[in-house]
Q: 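Have a look at this one.
Proteins get letters first, then strands, A, B, ... in listed order; numbering begins at 1 in each.
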2 protein chains.
Amino acid sequence: MPERTSISKRVIERLSEYRSTLDEFDTTETRSIYSHDLAKLCGVTAAQVRRDLMTIGFSGSSAKGYDVSELQQTVGDFLGFGEERRMALVGIGHLGRALLDFFADRNPKLILCAAFDINEMRINRVIHGVRCYAVSQLTEVAKEKRANMGIITVPDAAAQDVATALVEGGVSGLLNFAPVQLRVPNHVFVENLNISTVLEKVAYFAGQSGDKER
Amino acid sequence: MPERTSISKRVIERLSEYRSTLDEFDTTETRSIYSHDLAKLCGVTAAQVRRDLMTIGFSGSSAKGYDVSELQQTVGDFLGFGEERRMALVGIGHLGRALLDFFADRNPKLILCAAFDINEMRINRVIHGVRCYAVSQLTEVAKEKRANMGIITVPDAAAQDVATALVEGGVSGLLNFAPVQLRVPNHVFVENLNISTVLEKVAYFAGQSGDKER
DNA sequence: TTAACACTGTGATTTTTTTCACAGCAGAGC
DNA sequence: GCTCTGCTGTGAAAAAAATCACAGTGTTAA
């Protein structure tokens, strides 16, 4: 039973950041950490760290701060690292490839279980241990591989169909790189990541010589 | 003279989204649009759209809504599309390549003026019209090319040095894909984009069968 | 000309998020 | 054991963001 009251995206993001920051530490050497220090490493305030940890019911000690490995464990559990996360990647352009690389290295908690592309050349290839299938088989293969998340890096025009097929295949979370508003049943969580938007934001704030990150 | 009171990242993101959504329209056919409709296309509420446009001082008419091309123009101006934005891309792995592709197609407002890599093989190649230089020349070339933004897609350990070199080269905005907290002078705006964090967020909310995008 | 309508602009309100600030506690030093 | 220190946990306050709700307005139709 994960949580009582619903927790905002922002908090989840920070928790994820705290946890991965902690991965850098050698827990035999650094046993514990103060909210202050973790905050600095993550670019947030100490009060924010304490509040977030309070939100998930994690306590430290007043003299030593937070126990590093305990914190990793607790946040990991909270984020659902216990359960299996199986991702389907659709679209193996450069961005898709970048994601394949990415998961070859790190993040052992999220498993890429299948990749898909429309290009004949790529079908049936195995990249970093992940087999590539034809998009036409999306729904079947997603079901068969028990994917529960999908990553969409296809051209804009194809994104909606891909999303629909993924959902039909049993996926309940999507990361969508296409600048398109996906229509999905509302038990499905969609996160849109539009690179243009991000860059335009950077451009805007880079313009203001007056600063302030936030 | 762009704005009076400082505007939040969130608003800028939405404005960017409104603008690019409007690009889909043929302005000779669709002259104007209601807050309601634009809202639906962008996945926000109508009140939000009106509030955001009010924030930048843009007015519509009560019967016709907002004039599409005027709105595009105004938002574009506001976001600084008038001025030149010259970006340096550092790291030409798959992700870097994806970004190069990306800018070959769209976004004529942001110019990729140089790319950098440490790998000999890639140096001096020209990809989509962008020349690739050695990272060792980062500062000089950035200056020479008058870059004002940087995109960092290098391995974690190299990110800080790259950031420092870019800033020295005159860059005042960074998009950083490395999961590292960059230290930069505070006239420099940094946006961190950590793919793991994004995916962990999707994983978390995909877990909750109880939904609610936000 | 008037009435009905559907929209915008916006003050007021609500909700959410962040920060403040301090009581209370645990360990270190004496 | 007592005191001093600097931390956490957390109510309370502040700030920021989103939503509500409605007056005012241009448009269309009768």
Side-chain angles (χ1 to χ4, degrees), chain A residues 3-18 22 30-72 74-75 78 197 201 204-205 212-214, chain B residues 3-18 22 30-72 74-75 78 197 201 204-205 212-214:
Chain A
E3 95 295 35
R4 62 188 81 278
T5 174
S6 105
I7 289 188
S8 79
K9 289 216 287 195
R10 210 75 124 279
V11 173
I12 297 298
E13 279 169 25
R14 285 192 302 258
L15 288 170
S16 162
E17 224 113 78
Y18 300 156
L22 257 24
T30 311
R31 278 249 154 64
S32 52
I33 190 171
Y34 296 128
S35 61
H36 229 58
D37 300 323
L38 182 53
K40 192 164 306 176
L41 290 170
C42 298
V44 300
T45 66
Q48 184 87 80
V49 168
R50 296 203 298 276
R51 176 71 63 187
D52 289 340
L53 296 185
M54 187 179 113
T55 302
I56 64 168
F58 184 80
S59 292
S61 99
S62 57
K64 303 225 205 70
Y66 301 97
D67 182 284
V68 173
S69 53
E70 208 179 306
L71 177 50
Q72 276 181 300
T74 305
V75 176
F78 184 84
T197 297
K201 178 171 53 174
Y204 177 82
F205 287 104
K212 216 48 52 87
E213 162 64 286
R214 167 155 236 278
Chain B
E3 96 295 36
R4 62 187 85 275
T5 173
S6 106
I7 288 187
S8 79
K9 290 215 289 194
R10 210 76 124 278
V11 174
I12 298 297
E13 279 168 24
R14 284 193 302 259
L15 288 171
S16 162
E17 224 113 78
Y18 300 156
L22 257 24
T30 311
R31 278 250 156 63
S32 51
I33 189 171
Y34 296 129
S35 61
H36 230 59
D37 299 323
L38 182 53
K40 192 164 305 177
L41 290 170
C42 298
V44 300
T45 66
Q48 184 87 80
V49 168
R50 296 203 297 276
R51 177 69 67 187
D52 290 339
L53 295 185
M54 188 179 113
T55 302
I56 63 168
F58 184 80
S59 293
S61 98
S62 57
K64 303 225 204 70
Y66 301 98
D67 182 284
V68 173
S69 52
E70 208 178 306
L71 177 51
Q72 276 181 301
T74 305
V75 177
F78 184 84
T197 297
K201 177 171 54 173
Y204 177 82
F205 287 104
K212 215 48 51 89
E213 163 63 286
R214 166 159 235 277

Q: What is the distance, rounded to the nearest whole Å, between atom OH of Tyr34(B) and atom P of dA6(C)?
A: 10 Å
Q: What's the separation between atom CZ in Arg51(A) and atom CG in Leu53(A), rounded to the nearest 0.5 Å?
A: 11.5 Å
Q: Apply the test side-chain contact (heavy atoms from CB on, under 4.5 Å) to residues Tyr66(A) and Leu38(A): give CA-CA distance (whole Å), side-chain angles for both, the deciding distance (0.1 Å), then the verdict.
A: CA-CA 10 Å; Tyr66(A) 301 97; Leu38(A) 182 53; 5.8 Å; no
Q: Ignoring backbone atoms, test whether Ser61(B) places a side-chain nitrogen or oxygen under 4.0 Å from the OP1 or OP2 oxygen of dG26(D).
A: no
Q: Rounded to whole angstroms, how far apart are NE2 on His36(A) and C1' on dC20(C)?
A: 14 Å
Q: Would a 4.5 Å heavy-atom cut-off, applied to side chains only, mark Leu15(B) and Val11(B) as touching?
A: yes
Q: Whole-Å distance between dT17(C) P and Lys9(B) NZ?
A: 16 Å
Q: Can you tell me if Arg14(A) touches the phosphate of dT18(C), counting only side-chain N or O atoms and a distance under 4.0 Å to OP1 or OP2?
A: yes
Q: Looking only at N and O atoms, is any donor in the side chain of Ser62(B) or the base of dT25(D) less than 3.5 Å from an acceptor on the other one?
A: yes
Q: Take the protein atom CE of Met54(B) and the nucleotide atom C1' of dT19(D), then report the distance between them rounded to whole Å.
A: 13 Å
Q: Quickly, which of Val75(A), Leu71(A), Val49(A) forms a side-chain contact (heavy atoms from CB on, under 4.5 Å) with Tyr18(A)? Name it, please.
A: Val49(A)
Q: Roughly how many Å is it from NZ in Lys64(B) to P in dT25(D), rounded to a whole number?
A: 17 Å
Q: Decide yes or no, distance alone: a donor-acceptor N/O pair under 3.5 angstrom between the base of dT19(C) and the side-chain of Arg51(A).
A: yes
Q: Answer yes or no: is there a donor N or O on one side and an acceptor on the other, between the side chain of Ser32(A) and the main chain of Lys64(A), under 3.5 Å?
A: yes
Q: So does Gln48(A) get a side-chain nitrogen or oxygen closer than 4.0 Å to the phosphate oxygens (OP1/OP2) of dT17(C)?
A: no
Q: What is the distance, rounded to the nearest whole Å, between atom CG of Leu53(A) and atom C1' of dC7(D)?
A: 14 Å
Q: Among the nucleotides dT27(D), dG9(D), dA21(D), which one has an atom lying closest to any side-chain atom of Ser59(A)?
A: dG9(D)
Q: Among dG9(D), dC20(C), dA17(D), which nucleotide sits nearest the side chain of Ala47(A)?
A: dC20(C)
Q: In whole angstrom, what separates Arg10(B)'s CZ from dT15(C)'s P?
A: 18 Å
Q: Can you tell me how far P of dC25(C) sits from CZ of Arg50(A), to the nearest Å?
A: 16 Å
